[in-house]
Q: 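To start, I am sharing the structure in question, which I have written as structure tokens.
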Amino acid sequence: MLTGLKEILNTAEKGEYCIPAFNVYNIETARGVMNAAEKLRAPVIMQFYSRLVTSKAAEDVAPIVLDMAHKASVPVCFHLDHGAGEREVIRSLRMGMTGIMFDASMETFENNIEKTKKVVDMCNYVNVAVEGELGHIGKAADGDEAAVAEYTHPDEAEKYVKETGVSALAVMVGTAHGRYKKAPVLDIERIKTIKKLTGIPLVLHGGSGVPDDQIRSAVKAGIRKMNFSTDLCYSFLDACRERDKSIVGIDLFMTEPIERVQKFAETKIAVLGAAGRV
């Protein structure tokens, strides 16, 4: 069933678990995620990265994701990931997305608040909740993850949430996008403090490669949405590269990549405590 961002995160808040948010790119990755969610009876978020939203591919894939969500027997939110601007937000809303992540984290604190509030006000007209970001989450490939960007400051987070009206907040507490050169160390105490001051669901980007024990600690501290993209891509691509080249039927060729994405999604659903919630 298609569900809004605020609604799906509220269920996680009440149950003190975390919703897995998987970036999907085509029919096969979306199908793998949906198979995992249905099998484990878990609510999930399927999201498009901002780059995909501005491509022609999104116009083809978005209706398929929406159809899967409507037909699903578990809650599914269709979400924009790292919306780069108002253009991407508007396109996402027109595609039927039920959650928007707007990223102005590279702006000054004041500009971030101003731009995010404008998006929140716009999305309120169509009853779609917004996730904001404070503390830019960089790339693991850039080097030491702890030095990629400044961590989110708790006092700034409190002010940001009050002035923007966001329904969820992505925080920088030690993760980064991409594959890590070494396992990250999350600032769990910082998560607890931000959670206490803001009182809203917190989001952790760069979930790929984070050790399971740290994931569990982050969820316990208040993380209610966790993003996975890089490892999902590798699960799909590695399976494609390993397929027997004698398999000509594309539908047959894609069975293993879909199953590999499903297995990956199942592991994250389990560690986040989302299995069996529906």
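All residue numbers refer to positions in the sequence shown, counting from 1.
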Q: Check step by step if salt bridge (Lys or Arg N to Asp or Glu O under 4.0 Å) holds for Asp60 and Lys56.
A: CA-CA 7 Å; Asp60 299 324; Lys56 289 289 185 180; over 6 Å; no
Q: Give a yes or no on this: more than 12 heavy atoms of other residues, nucleotides or ligands lie within 6.0 Å of atom CZ of Arg41.
A: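 More than 12 heavy atoms, drawn from other residues, nucleotides or ligands, come within 6.0 Å of this atom.
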Q: Can you name the closest pair of heavy atoms from Leu272 and Ile19 and give their distance?
A: CD1-C, 4.2 Å
Q: Yes or no on side-chain contact (heavy atoms from CB on, under 4.5 Å) for Asp238 and Glu242, after CA distance, side-chain angles and deciding distance?
A: CA-CA 6 Å; Asp238 287 347; Glu242 295 166 9; 4.1 Å; yes
Q: Restricting to non-hydrogen atoms, name the atom on Thr116 and the atom on Ala104 that form the minimum distance, rounded to 0.1 Å.
A: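 That would be OG1-CB, 4.2 Å.
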Q: Are the side chain of Asn10 and the backbone N or O of Lys6 linked by a donor-acceptor pair below 3.5 Å?
A: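 Yes, the answer is positive, given that a donor and an acceptor are paired below the 3.5 Å cut-off.
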Q: One pair to check against side-chain hydrogen bond (donor to acceptor under 3.5 Å, both in side chains): Ser73 and Glu38. What are the steps and the verdict?
A: CA-CA 7 Å; Ser73 61; Glu38 293 277 14; 2.5 Å; yes
Q: Answer yes or no: is there an ion pair linking Glu114 with Lys118, defined by an N-O contact shorter than 4.0 Å?
A: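 Looking at Lys118 together with Glu114, the answer is no, because their closest N to O distance does not fall below 4.0 Å.
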Q: Taking it one step at a time, do Val128 and Thr98 satisfy side-chain contact (heavy atoms from CB on, under 4.5 Å)?
A: CA-CA 6 Å; Val128 173; Thr98 55; 5.6 Å; no
Q: Kindly indicate, with the supporting measurements, whether the criterion salt bridge (Lys or Arg N to Asp or Glu O under 4.0 Å) is fulfilled by Lys263 and Glu266.
A: CA-CA 5 Å; Lys263 289 177 182 177; Glu266 286 177 10; over 6 Å; no
Q: Would Glu131 and His205 satisfy side-chain hydrogen bond (donor to acceptor under 3.5 Å, both in side chains), going step by step from the backbone distance to the final call?
A: CA-CA 12 Å; Glu131 168 193 342; His205 288 227; 2.7 Å; yes
Q: Evaluate Ile258 against Ile27 for side-chain contact (heavy atoms from CB on, under 4.5 Å), listing each step before the verdict.
A: CA-CA 9 Å; Ile258 292 172; Ile27 298 172; over 6 Å; no
Q: Hey, is Arg91 close enough to Glu59 for a salt bridge, meaning N to O under 4.0 Å?
A: yes
Q: May I ask you to check whether Ser229 and Tyr25 show a side-chain donor-acceptor distance below 3.5 Å?
A: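 Note: Ser229 and Tyr25 side chains meet the donor-acceptor criterion.
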Q: Measuring only between side-chain heavy atoms, which start at C-beta, is Val89 closer than 4.5 Å to Met122?
A: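 Val89 vs Met122: side chains touch.
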Q: Examine the side chains of Thr152 and Tyr160 and answer whether a donor and an acceptor come within less than 3.5 Å of each other.
A: no
Q: When you look at CD of Glu107, are more than 12 heavy atoms from neighbouring residues, nucleotides or ligands closer to it than 6.0 Å?
A: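 Yes, because the 6.0 Å sphere around CD of Glu107 holds more than 12 heavy atoms from other groups.
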Q: Are the aromatic ring centres of Phe48 and Phe78 under 6.0 angstrom apart?
A: yes
Q: Taking C-beta and beyond as the side chain, do Phe236 and Arg260 meet within less than 4.5 Å on heavy atoms?
A: no
Q: Using atom types as modelled and distance alone, determine if a side-chain donor or acceptor of Asp187 lies under 3.5 Å from a backbone N or O of Arg190.
A: yes
Q: Give a yes or no on whether a salt bridge exists between Lys117 and Asp121, defined as a side-chain N under 4.0 angstrom from a carboxylate O.
A: yes
Q: Under 3.5 Å, is there a donor-acceptor pair between the side chain of Thr3 and the main chain of Cys77?
A: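 Here the side-chain-to-backbone pair does not exist.
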Q: Could you tell me whether a side-chain N or O of Arg243 sits under 3.5 Å from a main-chain N or O of Phe253, the two making a donor and an acceptor?
A: yes
Q: So, the side chain of Gln214 versus the backbone of Leu186: is there a donor-acceptor pair under 3.5 Å, distance only?
A: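 Looks like yes, one N/O pair under 3.5 Å.
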Q: What closest approach, in Å, do Gly135 and Met172 show between heavy atoms, and which atom pair accounts for it?
A: O-CB, 3.4 Å
Q: Surrounding NZ of Lys195 (heavy atoms of other residues, nucleotides or ligands, distance under 6.0 Å), is the total greater than 12?
A: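 Buried by this count: over 12 neighbours within 6.0 Å.
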Q: Can you list the steps and then say if Ile223 with Ile191 is a side-chain contact (heavy atoms from CB on, under 4.5 Å)?
A: CA-CA 8 Å; Ile223 296 296; Ile191 297 173; 4.1 Å; yes
Q: Shortest non-hydrogen contact from Ala274 to Pro43?
A: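 Residues Ala274 and Pro43, closest heavy atoms: O-CD, 3.7 Å.
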Q: Do Phe228 and Asn23 come close enough that some side-chain heavy atom pair is under 4.5 Å?
A: no
Q: What closest approach, in Å, do Ser50 and His82 show between heavy atoms, and which atom pair accounts for it?
A: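 Smallest heavy-atom distance, with atoms named: CB-O, 3.0 Å.
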